[in-house]
Structure formats: C-alpha cells, structure tokens
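Some notes on the structure that comes next.
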2 protein chains.
Amino acid sequence: MEVNNPKYNNQGIHVISTIFTIDKGVTKVLLIKRKNNPYKDYWALVGGALYNDELLIDGMKREIKEKIGIDNIYVEQFGLFDKIDRSLLKRMIAVGYIGIVDKDKLEILKDTLKTSDSDWYPIDMIPTLAYDHNIILNEAIDVLKKRLNETDLLSNLYPNGFTMPEIQKIYESILDVKFDRRNFRKKLLSLDIIEETNKVEKFDGNKPAKIYKFKDNKKKNVL
Amino acid sequence: MEVNNPKYNNQGIHVISTIFTIDKGVTKVLLIKRKNNPYKDYWALVGGALYNDELLIDGMKREIKEKIGIDNIYVEQFGLFDKIDRSLLKRMIAVGYIGIVDKDKLEILKDTLKTSDSDWYPIDMIPTLAYDHNIILNEAIDVLKKRLNETDLLSNLYPNGFTMPEIQKIYESILDVKFDRRNFRKKLLSLDIIEETNKVEKFDGNKPAKIYKFKDNKKKNVL
DNA sequence: CCAAAAGTGTTAGTCGTACACCCATGT
DNA sequence: ACATGGGTGTACGACTAACACTTTTGG
C-alpha cells in the first residue's frame, strides 16, 4: 500500500448513534444541537470521528460520553453510510449504531464542548438534521423493529428487571401493534431469552406483577 | 472537524470480498496470492483500499475486476472489521462483502498487476491468509448460510434459470444438510422468490426437469 | 422393458392465534 | 366487597416435517 497515494489518503470514519427511548408509548430519538460549523445550530444525531487508536465501539461510546455525558450504554452496529459527499471536508464513511435507553433513569447533558442543547424527538417529528443524519435515522428505525427479538437492544432498558406488562408496552410502542397478553407472555418465554426472578412489583390496589430479567447469554448479534 | 488532527488523520477503508462457489457439492472460496508486501506470497481474499471518489460497492467491484478480471458480479455487505492493528501502515477499517458465482462460467485471472495466482479453496481447508482475512472469511461463512433465503446472493449462480434438483444441491452444500425433495420444492415455491419458465432441461435417459428462475423483485437486503 | 432421476399428495405434529375467566391487592 | 390490573388454559387453523409411488426419458 502506498500510504500517500492521493487516491485514498484523505479518508475517515464517523460513528453515529441513534439512541431511542419510549416515552409514554411514543418512540423518541435523542438529538443534540451542534455548536460549531459545519451545520452550526443544526440538530444532529450523537456521533463524531473515530480516533486512530480506538475500536469502533469504543469511539462510539466516547462520543456518547462527550456529547451527552452518558457512560457505557449498550449500542450495536446496524449499517454503513458511504455517500461520497456526505461530509465535505474529507471522505467520511459513517458507521451507524442503535441503542435503547430509559430516559427517566439518565441525566442527559444539555450543554457540552460541542453541543448547545439536547432533546428527545418523536420519530415522526424529526427536523432537518446535519449531514445525512435523517437518512441514517430512518434506516435505524427500520432496523430497530427487526432487531427487537434478535439482539440485546432492550438490555439497557431494564437493568433491574421488568414485568410482562411493562415489556409488552415497549414492544407495542416500537412495533406499533397490539399483542394479546397471554400470547405475548407465551412467546417471550418460549424465546428462551428471559427468566423469572422471585420478586414481584406491587402497584396500588392491583395484583402484583412478577419481575423477569433478560438472560445473560441472551441474544446473538446480527450485523 | 479539524482536518489535520493527528487523532484521526491517518485512516482508510478496505473492501474485502469472499467469493464462494459450489464445486461438486463442496463449498469453496476464491483466494489470490499476493505479489507485493505486506504479506508477499500469502494467500488472501480479493480486496483492497477504497478510493476517495468511490462508493463502497463500486470500490469492491473495481478490486474484483483488477484482481481476478471479473466484471459486475453481485455482492452484498455483511460486516465490519476494525481491529486496530489489522493493517500496519495505516488505521484501516475493512468492509466485508459476500458473493456466490458459478466457477465454470467464469474465466478467473491467475496473474495480474498485484496477484501471482488465484484458486478455489474448500472452506474447511483454508491456509493462513494475509491480514485478518481468516477472521473475515469465517464470519462470511456464517452469514452466507443465514442469507440464502433472505437476499439475492444466489442470483449470480443461475442467470439462465435452474432446475429444482440443481438448486436443492446448492442449498444442501452450503447449509450442509439434506432436504426432502417434495418439501424443498414446496418451501421454495411458497417463498414467492422463484417462478416457472416453460423450458425443461433434458438429461440422458432421465425425465427432463423444469427450469425455474428467480423473480426480479426477489429478495430484500439485510445489513 | 429397464434404469435413472423428476415429479407429485397425504398425514401427523408443531407452532401461532384467538379468546374468557379467575386471582391478588389496596381501599 | 369492590375495583383494578395480572395471571392462566384451551381450541382452531396454519405451517412444517415425514413419507412412497408414478412419470418421462434414453438405451
């Protein structure tokens, strides 16, 4: 390889995350507002340029930490974005990541070195984003639905376990369908990805719900 | 983005293909022998560095053309390989591609500008390859099996149509299982990805077999 | 008419889907 | 005791898997 060959000496990698949450039945994605050019004051997905000495996943986690202050959330790769002019300064290839979090358990930074704001946007009310981030987000939404039963995406959401009604509402919100309670329970149990704990969650005036948790060896990755 | 920031000013993209064929029931992959350092005289997968002005898929097809002389075969993305030291001259991220071809219908070059040999290797008899190509190949073999029914991977194999026994042998070779003839036919027809032609293929002394072909709108991509 | 390989239909089991009643709790 | 929401079982239809005989051809 000729290291300085101009045909390929001006390239870089972006790592871009689509971080979702379910807020009262509405699927939302986390956007940040850019402080600097290019795309100053545009909303954007959380991400940035990979460093030379980082694995992709580590660069992604660093960017998430820098831009919204959150440590170590589980995200997984879902696609590549290679339009030649998607970034104007350099030839940048973007690697897309997906994660799902419980927004009420996190403290999202509003203002950082490179961001002036952050907020959760319903996925059907997304403004024009920086770069090709609208394209990345749309693909992420499709992949999110396909991955629910195949990967560990939901593992961030309930670190302390969940009840059947809770997790069913998550599935229903993301997939935009309704499931029969009995069949949903049977199906999820039959997938061999969750297990019962001996705890229950009590509500005011209701029958307590059993708490389940995801098995450790839960799901296989896909990409 | 600070274009010359040393944290990320020395990166590049590899496009690497795993091109499979089925040879008398044995799944084989195409390897080339490298003419130059690094890894001079090692066997390797077909691939190389992406140019700045190319889409990934176009760079992949250019590399396939340069290294084995084949035009325009169908390949699809299947994964990313990001080990920090996978290439020593630069930080290189590899994008893996998969394709399946009929080796008897192609004229594979043995000697090119950068290659001194090429050959088909059974996937359980692979030598030590250049770079991280053994890792890439192993992952490709897994993905190949999962994708058979989901994508257009088989479309290269039979541009002029195929008989049920032919395509069944391909499935059986790749998946390493046996199917019941009746059930295989029913299943493939039920997938709505193939259609009957009015042609038959005659064999010596046997009942002629109907020729089917893949529908144009056949399958959806996955990655 | 024989050998070789292609074509076809039926049955049993499994999985997914639809659906209604009982149970535990707090007030 | 009642209101609220959680837990459970059964019956039907759809899909998957097992299995053997008939058809067409060339020699």
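Just so we're on the same page: letters track the sequence lines, and every chain starts at 1. Since this is a predicted model, take the numbers as computed values, not measurements.
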Classify the side chain of [X] and the base of [N] as holding, or not holding, a donor-acceptor pair under 3.5 Å.
| X | N | value |
| --- | --- | --- |
| B/N183 | D/dA18 | yes |
| A/R181 | D/dG7 | yes |
| B/D204 | C/dA4 | no |

(message) Would you say A/R182 places a side-chain N or O within less than 4.0 Å of OP1 or OP2 belonging to D/dG9?
(response) no

Tell me: [atom1] of [X] to [atom2] of [N], nearest whole Å?
| X | N | atom1 | atom2 | result |
| --- | --- | --- | --- | --- |
| A/R185 | D/dG5 | CZ | P | 16 Å |
| B/I167 | C/dA6 | CD1 | P | 14 Å |
| B/K187 | C/dT8 | NZ | P | 19 Å |
| A/E196 | D/dG7 | CD | C1' | 11 Å |
| A/I211 | D/dG7 | CD1 | C1' | 15 Å |
| A/F184 | D/dG7 | CZ | P | 12 Å |
| B/K210 | D/dT24 | NZ | P | 11 Å |
| A/K178 | C/dC19 | NZ | C1' | 18 Å |

(message) Can you identify which nucleotide, out of C/dC19, D/dG6, C/dA6, has its nearest atom closest to the A/K207 side chain?
(response) D/dG6

(message) Measuring from the side chain of B/P165 (C-beta onward, heavy atoms only), which nucleotide among C/dA6, C/dA5, D/dT25 has the closest atom?
(response) C/dA6

(request) Find which nucleotide of DNA chain C each of A/S190 and A/K202 is nearest to by heavy atoms, and output the residue with the more 5' nucleotide. (result)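 Nearest nucleotide further toward 5': that of A/S190.
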
(message) Does this structure show an ion pair linking B/K35 with B/D111, if we count only N-O contacts that are shorter than 4.0 Å?
(response)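 Yes, this pair counts.
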
(request) Using a strict cut-off of less than 4.0 Å between a Lys/Arg side-chain nitrogen and an Asp/Glu carboxylate oxygen, indicate whether A/R62 and A/E66 qualify as a salt bridge. (result)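 Counted as a salt bridge, because a side-chain N and a carboxylate O are separated by less than 4.0 Å.
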
(message) With a 3.5 Å distance limit and no angle check, can you tell me whether B/K33 reaches the backbone of B/T115 through a side-chain donor-acceptor pair?
(response)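 It does not hold such a pair.
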
(request) Could you grab the distance from atom OG1 of B/T18 to atom CZ of B/F78, nearest 0.5 Å is fine? (result)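 B/T18 OG1 to B/F78 CZ: 5.0 Å, rounded to 0.5 Å.
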
(request) Would you mind telling me which residue lines up with the more 5' stretch of DNA chain D, A/M164 or A/N206, judged by nearest nucleotide? (result)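 The 5'-side residue here is A/N206.
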
(message) Regarding B/D180, tell me which of base, sugar-phosphate or nothing describes its non-hydrogen contacts under 4.0 Å with the strands shown.
(response)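 Contact class for B/D180: base.
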
(message) Mind checking if B/K186 touches a base, just sugar-phosphate, or nothing, with heavy atoms under 4.0 Å?
(response) base

(message) Would you say the ring centers of B/Y131 and B/H14 fall short of 6.0 Å from each other?
(response) yes

